[in-house]
Peer 1: 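Okay, handing you the structure first.
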2 protein chains.
Amino acid sequence: MKEDYAIEQFRKKGYKITPQRQEILRVFIGNIDSHPLSAEEVYRKVVERYPNIGIDTIYRNLSVFLELGIINKLNFREGKSRYELNSGKHHHHLVCLKCGLTEQIDYCPFKELDLEKIQEEKNFEIKKHSFELFGYCKLCREKQAEKSLSEALSG
Amino acid sequence: MKEDYAIEQFRKKGYKITPQRQEILRVFIGNIDSHPLSAEEVYRKVVERYPNIGIDTIYRNLSVFLELGIINKLNFREGKSRYELNSGKHHHHLVCLKCGLTEQIDYCPFKELDLEKIQEEKNFEIKKHSFELFGYCKLCREKQAEKSLSEALSG
DNA sequence: CTACTTGCAAATAATTTGCATGCGA
DNA sequence: TCGCATGCAAATTATTTGCAAGTAG
């Protein structure tokens, strides 16, 4: 189970298992496959069960979780970072430019052969990559279509 | 020429051609193919020739340039954005995790066929994508190798 | 002229840090 | 007990905004 794995990571690196960390972990575990969370969102969820926590504790622990590979840090160009539980499975995201909805996709376009070729050609050691698809989700497109229609009728 | 194109874009949208805008444009044109610039870096370069400018003017005009397609906005997960002249040619970047060096690469892994497949499967209209390769550049790897060596000898 | 722009200063937003106290192992 | 953690407050960094004065077209 995900929680046991995380606890083990804490122990291994000498990090203490505090109730704050457990609550933060719980928030991520309860959030599998849904929208990656911003620090603020994590904070609001944790505060429900642990009212005295400060947002600085969230930030500090997101770093720790990140270091331990428990979560991933994502950047959707919003001026803030988002975090998701590390499923251990390589994946990327669809991001709606209108409503911010994100969806994981298993698809990855980057092939081992290309990686090697670029490493050699550019003399650059590739450690990781990001690939995000931006566009409009079904719902936002439908809303937009409705809006256009009503404007056409009234205009 | 790049400058004429930009000026034309300004006129077309009713934006005025102020000396500040010309200086900012000049900085980008003089920076082709080198490191994408942060707002602060643009500011420091412009200030050399136009000392009274404020960094808020830089930000406001980066938005305008962006809207006109004169520059691209990039995000390398540094907690700030970077900007580069829009060459009109689709490309991605190598980013060194150590020194921050970036290099453009023409290679793009994302194929039209895959795009269509995902759009259909996910019912998502894809407008753009980001693909960045993170790792270590030649220089940083060499430095690291030297450091490891000297530590081994002294240790 | 006059609407778009700028510079200044102050406001926001996200994230980080110093420090005294608290608490898990 | 002892060192890692936390909460509080204040600092930092990136970016945005209000407003009066300036200027391109």
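We name chains A, B, ... by the order of the sequence lines, and we start the count at 1 in each one.
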Peer 1: Mind checking A:Y43 for me? I need base, sugar-phosphate or nothing, with any heavy atom below 4.0 Å counting as a touch.
Peer 2: nothing

Peer 1: 5'-most contact on DNA chain C: B:G14 or B:Y50, nearest heavy atom basis?
Peer 2: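 So the residue in question is B:G14.
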
Peer 1: Considering only NZ, NE, NH1 and NH2 on the basic side and carboxylate oxygens on the acidic side, decide whether A:E23 and A:R21 come within less than 4.0 Å.
Peer 2: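 Looking at A:R21 together with A:E23, the answer is no, because their closest N to O distance does not fall below 4.0 Å.
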
Peer 1: Please confirm whether the shortest side-chain N or O distance from A:T57 to OP1 or OP2 of D:dG7 is below 4.0 Å.
Peer 2: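 Yes, within the criterion.
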
Peer 1: More 5' along DNA chain D: B:K73 or A:R21, using each one's nearest nucleotide?
Peer 2: A:R21

Peer 1: Measure CD/B:E41 against P/D:dT13 and give the value in whole Å, please.
Peer 2: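 Rounded to whole Å, this separation is 15 Å.
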
Peer 1: Contact class for A:F10 vs. all strands (heavy atom < 4.0 Å): base, sugar-phosphate, or nothing?
Peer 2: nothing

Peer 1: Quick one: B:K12 NZ to D:dG25 C1', roughly how many Å, whole number?
Peer 2: 19 Å

Peer 1: B:E78 CD to D:dT12 P: how many Å, rounded?
Peer 2: 21 Å

Peer 1: Checking all strands, does A:S81 fall into the base, sugar-phosphate, or nothing category for heavy-atom contacts under 4.0 angstrom?
Peer 2: sugar-phosphate

Peer 1: Does a nitrogen or oxygen in the side chain of A:Y59 sit under 4.0 Å from OP1 or OP2 of C:dT15?
Peer 2: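 Yes, because at least one side-chain N or O of A:Y59 sits under 4.0 Å from OP1 or OP2 of C:dT15.
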
Peer 1: Report which part of the nucleic acid A:I53 touches: base, sugar-phosphate, or nothing (heavy-atom distance under 4.0 Å, all strands).
Peer 2: sugar-phosphate

Peer 1: Within less than 4.0 Å of OP1 or OP2 of C:dT6, is there a side-chain N or O belonging to B:T18?
Peer 2: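 So the side-chain polar atoms of B:T18 do come within 4.0 Å of the phosphate oxygens OP1 or OP2 of C:dT6, strictly under.
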
Peer 1: Nearest-Å distance, CD1 (B:I55) to P (D:dT17)?
Peer 2: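 B:I55 atom CD1 is separated from D:dT17 atom P by 16 Å.
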
Peer 1: I'd like to know if A:E125 pairs up with A:K127 as an ion pair, taking the criterion as any Lys NZ or Arg NE/NH1/NH2 lying under 4.0 Å from an Asp or Glu carboxylate oxygen.
Peer 2: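 Looking at A:E125 and A:K127, the cut-off is met.
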
Peer 1: Nearest nucleotide by nearest heavy atom, which residue falls closer to the 5' end of DNA chain D, B:Y15 or B:G79?
Peer 2: B:G79

Peer 1: Could you state the atom-to-atom distance from CG of B:L68 to C1' of C:dC4 in whole Å?
Peer 2: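 Nearest whole value for this atom pair: 14 Å.
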
Peer 1: Between B:H92 and A:H129, do the side chains contain a donor N or O and an acceptor N or O under 3.5 Å apart?
Peer 2: no

Peer 1: Between B:R44 and B:E48 (salt bridge meaning N to carboxylate O under 4.0 Å), is one present in this structure?
Peer 2: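 Looking at B:E48 together with B:R44, the answer is no, because their closest N to O distance does not fall below 4.0 Å.
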
Peer 1: Starting from C1' on C:dT12, measure out to CG on B:D56 and report it in whole angstrom.
Peer 2: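 Between C1' of C:dT12 and CG of B:D56: 14 Å.
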
Peer 1: Among D:dA14, D:dA5, D:dA24, which is the nearest nucleotide to the side chain of B:E40?
Peer 2: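 Among the listed nucleotides, the one closest to the side chain of B:E40 is D:dA14.
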
Peer 1: Determine the contact category for B:N52: base if any of its heavy atoms lies under 4.0 Å from a base atom, sugar-phosphate if only primed atoms, P, OP1 or OP2 are that close, otherwise nothing.
Peer 2: sugar-phosphate

Peer 1: If you check the B:R60 side chain, which of D:dT23, D:dC19, C:dG18 turns out closest?
Peer 2: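 Given the options D:dT23, D:dC19, C:dG18, the side chain of B:R60 is closest to D:dC19.
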
Peer 1: Could you check how far CD1 of B:I58 sits from C1' of D:dT13, rounded to whole Å?
Peer 2: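 Spelled out: CD1 on B:I58 to C1' on D:dT13 is 17 Å.
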
Peer 1: Please confirm whether B:R60 makes a cation-pi placement over B:F65, using NZ or CZ under 6.0 Å from the six-membered ring centre and within 45° of the ring normal.
Peer 2: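 No cation-pi geometry.
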
Peer 1: Could you check which of D:dT15, C:dT16, C:dT5 has an atom nearest any side-chain atom of B:A39?
Peer 2: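 For the B:A39 side chain, the nearest candidate turns out to be D:dT15.
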
Peer 1: Taking atom C1' of D:dT15 as reference, at what distance in whole Å does atom CZ of B:R82 sit?
Peer 2: 15 Å

Peer 1: Of the listed nucleotides (C:dT6, D:dA5, D:dA14), which one gets closest to any side-chain atom of B:N61?
Peer 2: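 Nearest listed nucleotide: C:dT6.
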
Peer 1: Does atom CG of B:L113 have more than 12 heavy-atom neighbours from other groups under 6.0 Å away?
Peer 2: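 No - once you tally the heavy atoms of other residues, nucleotides and ligands closer than 6.0 Å, there are 12 at most.
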
Peer 1: Any side-chain N or O of B:Q20 less than 4.0 Å from the OP1 or OP2 oxygen of C:dG7?
Peer 2: yes

Peer 1: Taking only the side-chain nitrogens and oxygens of B:K80, find out if one of them lies under 4.0 Å from OP1 or OP2 of D:dA14.
Peer 2: yes

Peer 1: How would you label the contact of A:I17 with the nucleic acid (heavy atoms, under 4.0 Å): base, sugar-phosphate, or nothing?
Peer 2: sugar-phosphate

